[in-house]
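The next block holds one structure in the form of structure tokens; read it before the comments.
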Amino acid sequence: MIKITLPDGSVKEYQESVTALDVAKEISEGLARNVLAAKVNDSVVDATLPITEDADLTLFTWNDTEGKAAMWHSSAHLMAEAIEILYPSAKFGIGPDIERGFYYDIDFGEKDIVEADLKNIEKKMLELAKQKQTFERSMISKQDALDFFTKKDDEYKMELVNDLEDGEISLYKCGDFVDLCRGPHIPHTGGIKAIKLTSIAGAYWRGDEKRKQLTRIYGITFPKKKELTEYLELLEEAKKRDHRKLGKELELFTFSQKVGAGLPLWLPKGAILRENLENFLKKVQKEAGYQPVITPHIGDVNLYKTSGHYQKYGEDSFRTITTPVENEEYFLKPMNCPHHCEIYNAKPHSYKDLPVRYAEFGTVYRYEKSGELHGLTRVRGFTQDDAHIFCAPDQVKDEFKSVMDIVMKIFTALDFKDFTTQISLRDPNTPEKYIGSDENWEKAENAIIEVAKEQKLDYKIEYGEAAFYGPKMDFMVRDAIGRSWQLGTIQVDYNLPERFELEYVGSDNEKHRPVMIHRAPFGSLERFIAVLIEHCAGKFPLWLTPEQVIILPISEKYQKYSEKVLSLLKKNDIRAEIDARSEKTGRKIRDAELKRIPYMLIVGEKEEADGTVSVRQQGEGDKGSMQLEEFAKLINDEVIKMMG
RNA sequence: GCCGAUGUAGCUCAGUUGGCCAGAGCAGCUGAUUUGUAAUCAGCCGGUCGGCGGUUCGAAUCCGUCCAUCGGCUCCA
């Protein structure tokens, strides 16, 4: 007798082994048709796998992440099957499901696969899907698996098998295609109704730059054609928020081939936006006890030899700057910390001074490889909202906490909710890779985790992701099309204080080494603004937006009054302009709407007579008329409210 | 850097298999219009068809190469 417990607590009993699919059938035929995978106790398995003992059972359909994963992973197999038919010499690497769809890494040998070939593969896949092929699982010994893939002449699968333990190796057969796979898979291919192979890319085998590059084909499938159409429409919509597109449309920034790749040029409106952000942070930092510093854009090569960056990154940096003096070399600064260390060293410090916090909007230059450049999110010249905190080891936690407060203040002011926090700690297996005492590491790591808990952050810990010089916490945000970017960062550093021989005199009159905390709540202004643009689709918060108000006179006759309105707004520090073109009001409104200007003030005969303005809010429409002073106050109150 | 794709006016895009002085809309300029909540009309200006080299009687179109951009991989102090 087998007892199967369902999520609602109900229990079903069976005489002998039963499959998840059988259980589903018993509930309803419809459910059985939609079941894609199942969770038996804690493992997600095929819905067709016999359950032989008492178990908790959850059924997964397309509505569950696990169901989608099974569908897409199965689609990867289906694609491989189609490819094996169309290109018999193809060898297969790995083909997992991903967040949105799946991919398969394939070695096509001499044959070059181009985008035009994808249609053909799609067609073959659909044809195979219609056959409702089942996924047949079989357990196999390591030796048999090796023999199988040797015979198939697939060195990639052989390598994968070699890394597996005997006894845990399973194969899945779908049509004539047999693949090494842990599963789970959907019951049969009939559920795959709509297929789109989205792109083709190169991908190094096992992610290793030194190994062969395979052809990666990305795709996505759906149980209904309509869903594919909707998905593609959603993608199109998302592309409208792309910061590269909006940056151009809203005249925020541009690039010039003459200036150079990855070197953004900030246009007047973008510069205002950026300045507003900088001022906001400067104010917050001032309140938090930071001292502004300013350092030059270049530094003697020896500075970076001391910091160690020359040895590590010298080759991949902008080349050395030489001078008329022989053997004199400078570097374009790739980070601000070495300069700040020298500021710290400019005078002796007492424990009573600590923590010392030096802040600078420091522009740095890094020679990113050509294929890595990306709009404003990955550039070669960018400005960090950098600061370095020098403190005693037992101050790390409090400092970390106060940095977190700043980060949260910023995220709140900008209505950033969709971020994740990553805490990067040591790899416990390789302690020799890290500099600094165990005791200090432990102190810092615990402090970070505690602060994250206190802030009730949704964080995940990554072991082994810490830099060799200290643990860190990063804030990650997604862009319009789902890519994840790192924004703010807080890093503990035991290395630079050592290398620059930073000291403070303690209460014991002995010299001590301070701990250094690097922190940049925005990360870089460039990347932050890029993400911000996509986040708000170009509709910036009122306090930040370059143009807050536009005055739209009905005709030339009201130019004088418009100017009066303008001057009053300017007196109130409101950023406003007049659209004095000889256009119809409808046209002026349309243009202002497209420029995402939050408020439009329409002025004509009535307004002039009453000293009022007719207010229209971007995206909202007509708000009626109000006294001019009343409007100015409304704007200022809103700005104050948002900036906290 | 690697794989694949793209590059025509400030912007968005047309330009069939190589063939007349390379087109359109928007923006810009000039003029007319003086306008009430998402595009007034007309005329004009604007392009070494990404750069360089080649094939050809003839190249935006074919080939090579370099650059930039886009989708990925790798990388990201």
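Chain naming here is simple, since letters A, B, ... match the order of the sequence lines and numbering starts at 1 in each.
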Original post:
Which value, in whole Å, describes the distance between the C1' atoms of nucleotides B:C3 and B:A9?
Top reply: 33 Å
**OP:** With P as the reference atom in both, quote the distance from B:C73 to B:U56 in angstrom, rounded to an integer.
**Re:** 44 Å
Original post:
Between A:Y313 and B:A77, do the rings stack, that is, sit under 5.5 Å apart with planes less than 30° off each other?
Top reply: yes
Original post:
Should A:R483 be listed as having a side-chain N or O under 4.0 Å from OP1 or OP2 of B:G72?
Top reply: yes
Subject >> Gap in Å between the two P atoms, one belonging to B:A27 and one to B:A42, rounded >> reply: 12 Å
**OP:** Applying side-chain contact (heavy atoms from CB on, under 4.5 Å) between A:W266 and each of A:T254, A:I272, A:L376, report the one that passes.
**Re:** A:L376
Original post:
Under 4.0 Å between a side-chain N/O of A:R587 and OP1 or OP2 of B:U35, yes or no?
Top reply: no
Original post:
Going by modelled atom types, is there a donor-acceptor pair between the base of B:C75 and the side chain of A:R366 at under 3.5 Å?
Top reply: no
Subject >> Polar pair under 3.5 Å, donor/acceptor by atom type, side chain A:Q257, base B:A68 >> reply: no
**OP:** Provide the Watson-Crick or G-U wobble partner of B:G43, both distances under 3.5 Å; none if there is no partner.
**Re:** B:C29
**OP:** Evaluate whether atom NZ of A:K269 has more than 12 neighbouring non-hydrogen atoms of other residues, nucleotides or ligands under 6.0 angstrom away.
**Re:** yes
Original post:
Any side-chain N or O of A:K248 under 4.0 Å from OP1/OP2 of B:U12?
Top reply: yes
Subject >> Base of B:G36 paired with side chain of A:E607 (donor-acceptor, under 3.5 Å) >> reply: yes
**OP:** Please work out if A:G604 contacts a base, only the sugar-phosphate, or nothing of the nucleic acid, heavy-atom cut-off 4.0 Å.
**Re:** base
Original post:
What is the nucleic acid contact for A:G314, judged by heavy atoms within less than 4.0 Å: base, sugar-phosphate only, or nothing?
Top reply: nothing
Subject >> Short side-chain N/O contact to B:U35 OP1/OP2 from A:K557, under 4.0 Å >> reply: yes
Original post:
Taking the inter-plane angle between the rings of A:F222 and A:W72 on a 0 to 90° scale, is it parallel (under 30°), tilted (30 to 60°) or perpendicular (over 60°)?
Top reply: perpendicular
Original post:
Taking only side-chain nitrogens and oxygens of A:H374, does any of them come within less than 4.0 Å of OP1 or OP2 of B:G71?
Top reply: yes
**OP:** Any strand is fair game: report the nucleotide pairing with B:C2 by Watson-Crick or G-U wobble, both distances under 3.5 Å, or none.
**Re:** B:G72
Original post:
For A:S370 and B:G1, is the shortest distance between a side-chain N/O and OP1 or OP2 below 4.0 Å?
Top reply: yes
**OP:** Using a 4.0 Å heavy-atom cut-off across all strands, classify A:K584 as base, sugar-phosphate, or nothing.
**Re:** base
**OP:** Determine which nucleotide pairs with B:U17, using a 3.5 Å limit on both distances of a Watson-Crick or G-U wobble pair.
**Re:** none
Subject >> Complement of B:U48, any strand, by Watson-Crick or G-U distances under 3.5 angstrom >> reply: none
Original post:
Can you tell if the side chain of A:Q422 reaches within under 4.5 Å of the side chain of A:Q486, non-hydrogen atoms only?
Top reply: no
Subject >> Base-pairing assignment for B:G58 (Watson-Crick or G-U wobble, both under 3.5 Å) >> reply: none
**OP:** Nearest-nucleotide wise, let me know which of A:V114 and A:V603 is further upstream toward the 5' end of RNA chain B.
**Re:** A:V114
**OP:** Would you please classify the geometry between the A:Y599 ring and the A:F631 ring as parallel, tilted or perpendicular, with 30° and 60° separating the classes?
**Re:** perpendicular
**OP:** Determine the interplanar angle of the A:H297 and A:Y365 rings, folded into 0 to 90°, and report it as parallel if under 30°, tilted if 30 to 60°, perpendicular if over 60°.
**Re:** tilted
